[in-house]
Amino acid sequence: MTEHLVDPAVPRDLHAFIAGLPKAELHVHHVGSASPRIVSELAARHPDSKVPTDPEALVDYFTFTDFAHFIEVYLSVVDLIRTPEDVRLLTYEVARDMARQQVRYAELTITPFSSTRRGIDEGAFMAAIEDARKAAEAEFGTVLRWCFDIPGEAGLESAEETTRLATDDRLRPEGLVSFGLGGPEIGVARPQFKPYFDRAIAAGLHSVPHAGETTGPQTVWDALTDLRAERIGHGTSSAQDPALLAHLAERRIPLEVCPTSNIATRAVRTLDEHPIKEFVNAGVLVTVNSDDPPMFGTDLNNEYAVAARLLGLDERGLADLAKNAVEASFLDAPGKSRIRDEIDTYTAAWLAS
Ligand SMILES: O=C(O)c1cccc(C(=O)CC[C@H]2O[C@@H](n3cnc4c(=O)[nH]cnc43)[C@H](O)[C@@H]2O)c1
Ligand SMILES: [Zn+2]
């Protein structure tokens with residue numbers, strides 16, 4: 001366990017339980033998962049980069065004044081990924097870090113536009129992520145699936161390119177299950193992306209846009225109505241609208257909650273002010289996720305510890321939280337059953353010991 005991530009308000013044995021708990025993660029970004037180890041390796045390949053390689057300097061570099069600053073730093077890490085081999089390394093090593101946390105299944109959000117516009121060949125990009133996915137499953141036992149997201153701030157050109165890459169049968173990777181929308185929300189209205197989501201949904205992809213992370217509940221309504229969202233990335237501001245919470249609960253539309261991310265980007269002031277408990281009390285299906293873990297100084301295990309504290313969860317409560325992510329995932333029924341059974345077996349053995 002990483003010592004700086006041990007929350008003193010959470011008993012040590014609950015941290016240990018979380019560390020071994022089989023988990024699924026539904027909201028985690030590809031480039032945003034590059035650990036200091038991975039960043040160092042990429043920076044060594046591309047020494048002209050301004051991204052620091054020293055882990056201590058990286059902590060400062062990954063301290064954000066607001067969401068816009070976060071995106072600026074994020075893009076400097078994107079600039080480290082220049083070749084298909086960089087893409088493969090990043091993807092494979094991210095899976096290794098997930099496996100260490102007992103992540104059995106992850107839907108990883110990838111922004112292919114950022115790579116293709118920087119000159120990486122689109123076919124080689126798809127081959128690199130697929131090669132890493134297959135190797136990770138065989139070697140680490142972690143099943144990866146992809147969400148391709150539009151970087152909204154990059155405009156409709158990026159929406160067109162992302163939709164093309166996600167729906168062209170000659171390119172579309174086998175692991176692709178969903179279609180997203182990320183980046184800043186302020187000034188980037190959701191409805192303009194409706195035609196692109198319509199095409200992606202028609203091609204069989206699930207709709208999972210970010211909404212309500214840095215803007216109000218209307219953005220979540222827009223994501224539901226115009227983008228036909230099946231899950232909401234963050235959805236934090238839903239707490240301001242009781243009718244929206246009731247709608248999410250009634251339709252079983254899960255929220256992908258990322259508590260530490262919301263503090264790091266200053267979308268929420270403190271963890272104690274985070275509305276996760278309001279979501280649970282309203283009957284919303286809550287999943288807990290790490291978003292851009294090294295950039296936000298967290299990992300998935302820490303997010304479960306945060307949830308344990310904010311929601312007052314014991315081992316059974318944490319197992320139910322892990323099962324929420326399985327239920328909300330786009331895994332097939334046998335895949336869901338397998339992870340649920342593993343969670344139950346692990347929890348029963350832990351409680352019996
Ligand atoms: O690649 C480019 O050239 C480019 C140009 C303009 C804007 C962008 C982006 O906005 C990239 C943003 C990208 O950010 C990702 N992301 C990562 N973490 C979060 C998050 O916590 N909330 C929202 N978005 C996030 C996401 O994958 C975006 O697509 C790129
Ligand atoms: Zn995100």
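When a ligand or atom number is given, it counts from 1 through the structure's own listing order.
Near Asp149, meaning under 4.0 Å from any of its heavy atoms, are these atoms of ligand 1: 26 (C), 27 (O), 28 (C), 29 (O). The ligand atoms of ligand 1 that sit less than 4.0 angstrom from a heavy atom of Phe67 are 22 (N), 23 (C). Short contacts between ligand 1 and Arg118, defined as distances under 4.0 Å to a heavy atom of the residue, involve ligand atoms 1 (O), 2 (C), 3 (O). Close contacts between ligand 1 and Thr111 involve ligand atoms 27 (O), 29 (O) [criterion: under 4.0 Å to a heavy atom]. Contact atoms of ligand 1 toward His210: 20 (C), 22 (N), 23 (C), 24 (N) (distance under 4.0 Å to a heavy atom of the residue).
Side chains of Glu174 and Trp146: a donor-acceptor N/O pair is absent below 3.5 angstrom, by distance only.
Contact annotation for Leu75 and ligand 1: only side-chain heavy atoms (C-beta onward) come within less than 4.0 Å of the ligand. Within the 4.0 Å heavy-atom criterion, neither part of Val31 lies near ligand 1.
Between Asp198 and Lys194 there is a salt bridge, since at least one side-chain N of the basic residue sits less than 4.0 Å from a carboxylate O of the acidic one. Salt bridge annotation for Arg340-Glu327: absent, with no cationic side-chain nitrogen under 4.0 angstrom from a carboxylate oxygen. A salt bridge does not link Arg338 to Asp341: none of the charged side-chain nitrogens sits closer than 4.0 Å to a carboxylate oxygen. A salt bridge between Arg170 and Asp168 is present, with a side-chain N of the basic residue lying under 4.0 Å from a carboxylate O of the acidic one.
Side chain of Tyr61 to main chain of Thr53: no donor-acceptor pair is present (N/O by atom type, distance under 3.5 Å, no hydrogens or angles). With hydrogens and angles disregarded, no donor-acceptor distance shorter than 3.5 Å links the side chain of Arg88 to the backbone of Pro84.
Rounding to 10 degrees, one finds that the Zn ion (ligand 2) sits at the corner of an angle of 170° between His210 NE2 and Asp291 OD1.
Phe179 and Tyr196 have their aromatic ring centers separated by at least 6.0 angstrom. Ring centroid separation for the pair Phe296 and Phe70 comes in under the 6.0 Å cut-off.
Aromatic ring orientation, His206 versus Phe330: parallel (interplanar angle below 30°, classes split at 30° and 60°).
In summary, no N, O or S atom of His234 is located under 2.8 Å from the Zn ion (ligand 2). Among the atoms of His29, an N, O or S atom falls under 2.8 Å from the Zn ion (ligand 2).
Of all protein heavy atoms, the one closest to atom 14 (O) of ligand 1 is Ile71 CD1, 3.7 Å. Of the protein's non-hydrogen atoms, Asp291 OD2, 2.8 Å is the one closest to atom 21 (O) of ligand 1. Of the protein's heavy atoms, Glu153 OE1, 3.7 Å lies nearest to atom 7 (C) of ligand 1. In this structure, the protein non-hydrogen atom closest to atom 5 (C) of ligand 1 is Arg117 NH1, 3.6 Å. Closest to atom 6 (C) of ligand 1, if we only count protein heavy atoms, is Ala154 CB, 3.7 Å. When only non-hydrogen protein atoms are considered, atom 16 (N) of ligand 1 lies nearest to His29 CE1, 3.3 Å. Counting only heavy atoms of the protein, atom 1 (O) of ligand 1 lies nearest to Ser114 OG, 2.5 Å. Closest to atom 8 (C) of ligand 1, if we only count protein heavy atoms, is Pro151 CB, 3.8 Å.
Between Ser33, Gly183, Gly155, Ala68, it is Gly183 that holds the heavy atom closest to atom 23 (C) of ligand 1.
The cationic group of Arg117 does not satisfy the cation-pi geometry with Phe113, failing either the under 6.0 Å distance to the six-membered ring centre or the 45° limit from the ring axis.
The distance from the OG1 atom of Thr142 to the CE atom of Met98 is 8.0 Å, given to the nearest 0.5 Å.
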